[in-house]
Amino acid sequence: MKYEFLQIEDKWQKFWKDNQTYKVTEDKSRPKFFVLDMFPYPSGAGLHVGHPLGYIASDIFARYKKLKGFNVLHPMGYDAFGLPAEQYAIQTGQHPAVTTEQNIKRYREQLDKIGFCFDWEREVRTCEPEYYKWTQWAFLKMFHSWYDKKSDKAQAVSELVSMFEKNGTQGINAATEFEEEFTASDWSNFNESKKEEVLQQFRIAYLADTMVNWCPALGTVLANDEVKDGVSERGGHPVEQKKMKQWCLRVTAYAQRLLDAMENLEWTDSLKEMQKNWIGRSEGATVYFPIKDSDQRMEVFTTRPDTVYGVTFMVLAPESDLIDLVTTPEQKEKVDTYLGKARIRSERERMQDKTISGVFTGGYCKHPFSNEDIPIWIGDYVLGSYGTGAIMAVPAHDERDWAFAKNFDIPIVEVVSGGNVQEESYDAKSGKLVNSELINGLDVKDAIPKIVEEIDSRGLGFRKINFRLRDAIFSRQRYWGEPFPIYFKDGVPTPLEESDLPLKLPEVDAFKPTETGEPPLGRAENWKTKDGHPLEMSTMPGFAGSSAYYLRYMDPKNDKGLVSKEANEYWQDVDLYIGGTEHATGHLIYSRFWNKFLYDLGYVCKEEPFKKLVNQGMIQGRSNLVYRVKGTKQFVSQGLKSKYETSTLHVDVNIVENDILDTEAFKKWRPDFKDAEFLLEDGKYNCGVANEKMSKSLFNVVNPDDIIEKYGTDTFRLYEMFLGPIQQSKPWNTAGIEGVYRFLLKFWKLFHTDEKFEVSDEKATPDELKSLHKCIKKVDGDIQNFDFNTGISAMMICVNELTDQKCNKREILEKLVIVLCPFAPHISEELWQQLGNNETATVAEFPVHDESFLIETTWSCPISVNGKMKFLIDLPMDFSKDQIEEAVMADDRTKRLLEGKNLAKLIVVPKKIVNMVIK
RNA sequence: GCCCAGGUGGUGAAAUUGGUAGACACGCUAGACUUAGGAUCUAGUGCUUCGGCGUGGAGGUUCAAGUCCUCUCCUGGGCACCA
């Protein structure tokens with residue numbers, strides 16, 4: 001009987017669909033397990049072989065957990081709002097909803113072919129009102145919340161208001177930039193607009209003037225992580241700095257909690273490290289430097305307060321508000337010229353240009369301890385957006401300050417011994433303090449707390465922790481996103497009622513900004529409330545819809561809440577999340593923030609959303625190259641190309657097999673190659689190879705559909721996993737897929753003669769059982785560790801051994817089919833059914849390996865001679881001393897080592913015990 | 001510059017706590033069966049001057065090192081004037 005994979009796969013996919021095999025419900029009798037994939041953005045290009053890598057891995061794990069008796073939630077959906085659909089709409093006039101729908105349809109077809117066990121009844125799409133209602137709802141909750149540092153959680157703004165009404169700002173400790181103080185009666189005298197202005201500075205979702213990454217080509221604001229090297233991540237358009245009123249989320253309030261909670265997450269160290277760097281906690285102090293001849297002061301943040309006696313100048317960022325105050329009339333012209341230059345330059349240019357630039361303001365500060373005059377400079381190496389936008393410069397112990405001082409001939413004063421500060425700065429945090437009155441002679445690590453204490457007690461500043469993380473800018477001047485549930489009443493931002501949600505995205509006549517520069521929603525007719533107030537015209541960014549989608553999967557049809565308490569308490573959190581590292585500083589931070597916020601408000605029961613995270617690597621394209629002899633129609637095989645002057649062209653990888661070009665197909669590929677001639681090697685045209693991004697323009701895109709057509713999806717799934725560790729990035733190379741195909745074929749042949757299905761009911765031999773149990777043990781462990789490639793190898797070995805033993809025994813094969821099931825579900829179902837089982841293979845139990853059987857067979861023992869040498873040899877457990885000695889001497893290596901030694905002292909002990917003794 | 005991750009055959013890669021490096025698969029070589037096929041099966045396949053040598057390189061610890069320590073080189077990823 002032939003292995004007709006296409007028929008088998010069609011049959012079972014249909015069966016699973018008709019019988020709703022993968023539908024899940026909250027079943028309290030079984031433990032839950034939530035396996036989540038990062039849902040895809042449905043792009044027009046469809047899936048290539050790289051996309052399903054993570055999905056296959058999660059599918060294997062989900063199926064495995066099911067077989068282990070868990071109630072597995074394994075959903076899929078679409079991150080459907082986004083720029084490409086909108087760009088396409090601007091170019092073609094096609095509504096993004098239409099193209100998105102088409103793309104989703106295509107994605108679904110492709111995904112279905114791979115045979116995933118998704119519960120499609122739980123599908124979510126971020127662009128649907130039933131879904132984004134809850135994105136808007138969460139935004140409203142953030143609008144109505146503030147962050148209380150005392151209880152260290154989000155609280156209702158209504159409570160804040162009643163505190164203001166009672167005591168003004170007295171006793172309030174909030175995450176805010178607001179520093180003024182007012183009394184209860186001040187508050188009651190504020191008008192509505194003033195009150196709201198104050199409250200905005202406390203709300204977790206708030207409106208603020210911010211410097212934003214403005215992308216003129218896209219007509220929108222981009223988040224920091226959407227900008228790469230000064231151009232937009234999508235499209236590569238230039239980005240500039242611009243001040244705009246934008247909705248923001250107070251992510252910074254959660255910085256410490258985001259950092260702390262990471263400890264207990266099962267994420268890779270490198271990913272945790274990335275998030276840590278992104279959050280960028282630094283401990284230090286804010287220090288006040290009074291400005292000479294003024295009642296004002298400069299505030300600076302420093303991580304090295306111990307070097308305060310080494311300050312020889314101060315530097316302000318070009319954006320600083322203090323510049324006007326400190327600049328003297330004599331220096332004004334120079335300062336203005338400098339600021340003119342610095343401000344025109346975009347952040348990008350400033351970053352690229354590493355030359356040192358700056359200007360003296362003419363003004364001075366007083367040193368807080370020595371009371372000496374310190375000159376104030378302006379320099380663009382100081383950032384307006386970090387710390388206080390001003391620094392105390394210690395050229396002796398900071399590389400950048402040192403370079404600045406050398407350039408402008410400013411004195412360098414050593415305060416920590418250990419280097420030669422005239423030659424280069426000494427930045428290390430070790431050494432003894434010198435030239436530093438109060439802290440002379442102390443080590444750096446002791447000097448820091450001592451000086452901070454002095455600063456604190458003398459009122460010269462305070463201990464301070466700074467974060468690099470910024471609040472998330474949440475407005476986008478785009479069409480294809482969630483509208484804000486906000487309107488403006490006499491210019492005051494006002495929330496809609498929850499009962500008004502969802503606020504649906506309006507129809508517009510075109511998808512670009514209006515002539516007057518308003519966002520596309522400015523084109524909508526009647527974009528206002530029933531009583532005529534204008535609605536917010538921005539929409540939310542891409543990460544809005546993806547921040548809580550995993551919660552929605554728990555209860556996707558609920559129209560009373562994001563997720564019901566019952567569903568949330570059953571599913572709790574994501575046990576396993578699979579996706580790429582590219583979301584490390586975007587989605588994975590915002591999601592954690594969003595979840596913590598909902599946790600504070602009591603809507604979810606877990607503070608962290610993703611318990612374990614596995615990062616799959618990227619699949620790169622493997623391009624094939626051909627070489628044309630310049631000025632001719634001759635193409636020369638790779639090995640001969642050095643003899644000619646050639647130009648290199650990319651060739652469609654689909655007309656190349658094992659790097660050998662199909663020359664006839666090549667002639668037909670493009671009209672201008674129809675007369676191509678070939679200079680061959682051994683009758684073949686060998687192509688060159690390059691590993692690059694998988695992209696249409698490089699003709700290296702491999703479509704999973706083609707592979708599935710040829711080998712079947714079970715082979716495709718196995719091969720993707722067999723390619724190597726899933727965490728690793730690697731180029732796609734279809735050569736080698738034959739191997740896993742042959743494995744399935746062998747498996748099939750264990751049960752089938754040429755004519756029919758055939759299994760034997762004979763009892764298995766010890767050898768056969770050994771093969772089986774070794775395999776089960778290995779695969780079981782490998783799945784848990786995500787070593788799918790070695791797990792597949794183990795199955796191959798087992799099938800090879802069984803084939804050698806001509807074993808077609810039911811007892812063995814029934815178990816083996818279930819082991820194979822997570823990897824290749826279709827063939828497993830088919831074989832399972834042929835074995836005479838009524839239930840599907842996916843509800844059977846994953847077999848348990850018989851450990852006692854394995855232990856009886858072999859036993860690894862270390863051998864010790866004269867209490868010194870120890871090494872291992874596999875021995876049957878029931879060997880007598882004589883047999884052991886015989887076995888030991890039969891071992892080549894052992895024999896060499898033991899030659900001439902007294903075997904009476906040979907001691908054989910179980911391995912585990914020896915290890916314990918040694919340690 | 002700083003922080004991660006990783007360097008093993010012609011290729012993708014294996015290798016519990018240090019214990020016969022290269023499992024498994026591709027590719028290659030030879031053979032079998034075949035009136036030819038990109039099918040199947042069998043055997044071989046790290047290098048070698050047949051002494052040995054081999055996990056990027058140089059040292060070290062150990063009876064024993066791909067694995068542990070020190071230095072160094074290379075590749076991939078992240079951050080990048082963060083005071």
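We name chains A, B, ... by the order of the sequence lines, and we start the count at 1 in each one.
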Please list each protein N or O that sits under 3.5 Å from an N or O in nucleotides 37-41 of chain B, with the distance.
{"residue": "B/rG38", "atom": "N2", "partner": "A/E657", "partner atom": "OE1", "Å": "2.6"}
{"residue": "B/rG38", "atom": "N2", "partner": "A/E657", "partner atom": "OE2", "Å": "2.3"}
{"residue": "B/rG38", "atom": "N2", "partner": "A/K710", "partner atom": "NZ", "Å": "3.1"}

Might you list the N or O atoms of the protein lying below 3.5 Å from N or O atoms in nucleotides 1-10 of chain B, with each pair's distance?
none

Non-neighbouring partners of A/S282 that pass side chain to side chain contact (heavy atoms under 4.5 Å, CB included), sequence neighbours left out: A/F301, A/T303, A/Y386, A/N466
Watson-Crick or G-U stems involving RNA chain B, each at least 3 pairs long, distances under 3.5 Å, ordered by first number: B:1-7 with B:73-79, B:10-12 with B:24-26, B:27-32 with B:40-45, B:56-60 with B:68-72
Under 3.5 Å side-chain donor-acceptor pair for A/T581 and A/N615: no
Flag if over 12 foreign heavy atoms under 6.0 Å of CE, A/M618: no
Donor on one side chain, acceptor on other, A/D398 and A/S425, under 3.5 Å: no
Any residue meeting side chain to side chain donor-acceptor pair (under 3.5 Å) with A/R742, in chain and number order, not counting sequence neighbours: none
A/H773 side chain near A/K777 side chain, heavy-atom distance below 4.5 Å: no
Of A/Y711, A/W732, A/F823, the residue whose pairing with A/Y719 passes ring pair (Phe, Tyr, Trp, His ring centres under 6.0 Å): A/W732
Nearest-nucleotide pick for A/P725, side chain only, options being B/rA14, B/rA23, B/rA25: B/rA14
Salt bridge A/E283-A/R463, side-chain N to carboxylate O under 4.0 Å: no
A/I726 CD1 to B/rA14 P, straight-line distance once rounded to whole Å: 12 Å
P spacing across the pair B/rU67 / B/rG54, given as an integer number of angstrom: 13 Å
Integer angstrom distance from the P of B/rC79 to that of B/rU11: 32 Å
Qualifying salt bridge (Lys or Arg N to Asp or Glu O under 4.0 Å) pairs with a residue from residues 613-625 of chain A, counting only residues at least two apart or across chains: A/R622-A/D659
Gap between atoms NZ and P, on A/K730 and B/rG76 respectively (whole Å): 17 Å
With sequence neighbours excluded, residues passing salt bridge (Lys or Arg N to Asp or Glu O under 4.0 Å) with A/E266: A/K612
Within residues 783-791 of chain A, residues whose heavy atoms come under 4.0 Å of RNA chain B: A/N789, A/T790
Chi class for B/rG51: syn within 90° of 0, otherwise anti: syn
Out of B/rC81, B/rA25, B/rC79, whichever nucleotide has its closest atom nearest the side chain of A/N800: B/rA25
Interatomic distance, A/H583 NE2 vs B/rG77 P [rounded to whole Å]: 17 Å
Whole-Å C1' distance, B/rG46 and B/rC33: 32 Å
Per A/D380 side chain, nearest of listed nucleotides B/rC81, B/rA25, B/rA83: B/rC81
Nearest-angstrom distance, P atom, B/rG66 to B/rA15: 15 Å
Length of the CD1-P vector between A/I279 and B/rG78, whole Å: 18 Å
Length of the line joining A/M721:CE and B/rA25:P, which is rounded to integer Å: 19 Å
Atom C1', compared across B/rC68 and B/rU61: separation rounded to whole Å: 8 Å
A/Q784: partners by side chain to side chain contact (heavy atoms under 4.5 Å, CB included), with sequence neighbours left out: A/Y64, A/D780
Anti versus syn assignment for B/rG9, with syn defined as within 90° of 0: syn
Contacts of type side chain to side chain contact (heavy atoms under 4.5 Å, CB included), residue A/A794, not counting sequence neighbours: A/K778, A/V779
Closest-nucleotide ordering on RNA chain B, the 5'-leading residue of A/Y386 and A/I737: A/I737
Rounded distance (Å) that lies between atom P of B/rG76 and atom CE of A/M618: 14 Å
Residues, nucleotides or ligands: over 12 heavy atoms within 6.0 Å of A/D804 CG: yes
Atom pair distance, as rounded to whole Å: CE in A/M274 and P in B/rG78: 7 Å
Gap in Å between the two P atoms, one belonging to B/rC24 and one to B/rU72, rounded: 40 Å
A/I619 CD1 to B/rG76 P, straight-line distance once rounded to whole Å: 18 Å
Residues forming a side chain to side chain contact (heavy atoms under 4.5 Å, CB included) with A/N700, sequence neighbours excluded: A/S623, A/V653, A/E692, A/M694, A/L698
Residue A/F722, side-chain heavy atoms: nucleotide from B/rA80, B/rA25, B/rA13 that is nearest: B/rA25
Minimum-distance pair of heavy atoms, taken over all atoms of A/E709 and A/L6: O-CD1, 3.8 Å
Atom P, compared across B/rU20 and B/rG27: separation rounded to whole Å: 30 Å
Integer angstrom distance from the C1' of B/rU8 to that of B/rU75: 15 Å
Side-chain N or O of A/Y381 closer than 4.0 Å to phosphate OP1/OP2 of B/rA83: no
Name each donor-acceptor pair under 3.5 Å that joins a side chain in residues 304-312 of chain A to protein atoms two or more places apart or in another chain, with its distance.
{"residue": "A/R304", "atom": "NE", "partner": "A/D306", "partner atom": "OD1", "Å": "3.1"}
{"residue": "A/R304", "atom": "NE", "partner": "A/D306", "partner atom": "OD2", "Å": "3.3"}
{"residue": "A/R304", "atom": "NH1", "partner": "A/D427", "partner atom": "O", "Å": "3.3"}
{"residue": "A/R304", "atom": "NH2", "partner": "A/D306", "partner atom": "OD2", "Å": "3.1"}
{"residue": "A/T307", "atom": "OG1", "partner": "A/R304", "partner atom": "O", "Å": "2.8"}
{"residue": "A/T312", "atom": "OG1", "partner": "A/P411", "partner atom": "O", "Å": "3.0"}

Residue met sooner reading RNA chain B from 5', once A/F467 and A/T581 are mapped to nucleotides: A/T581
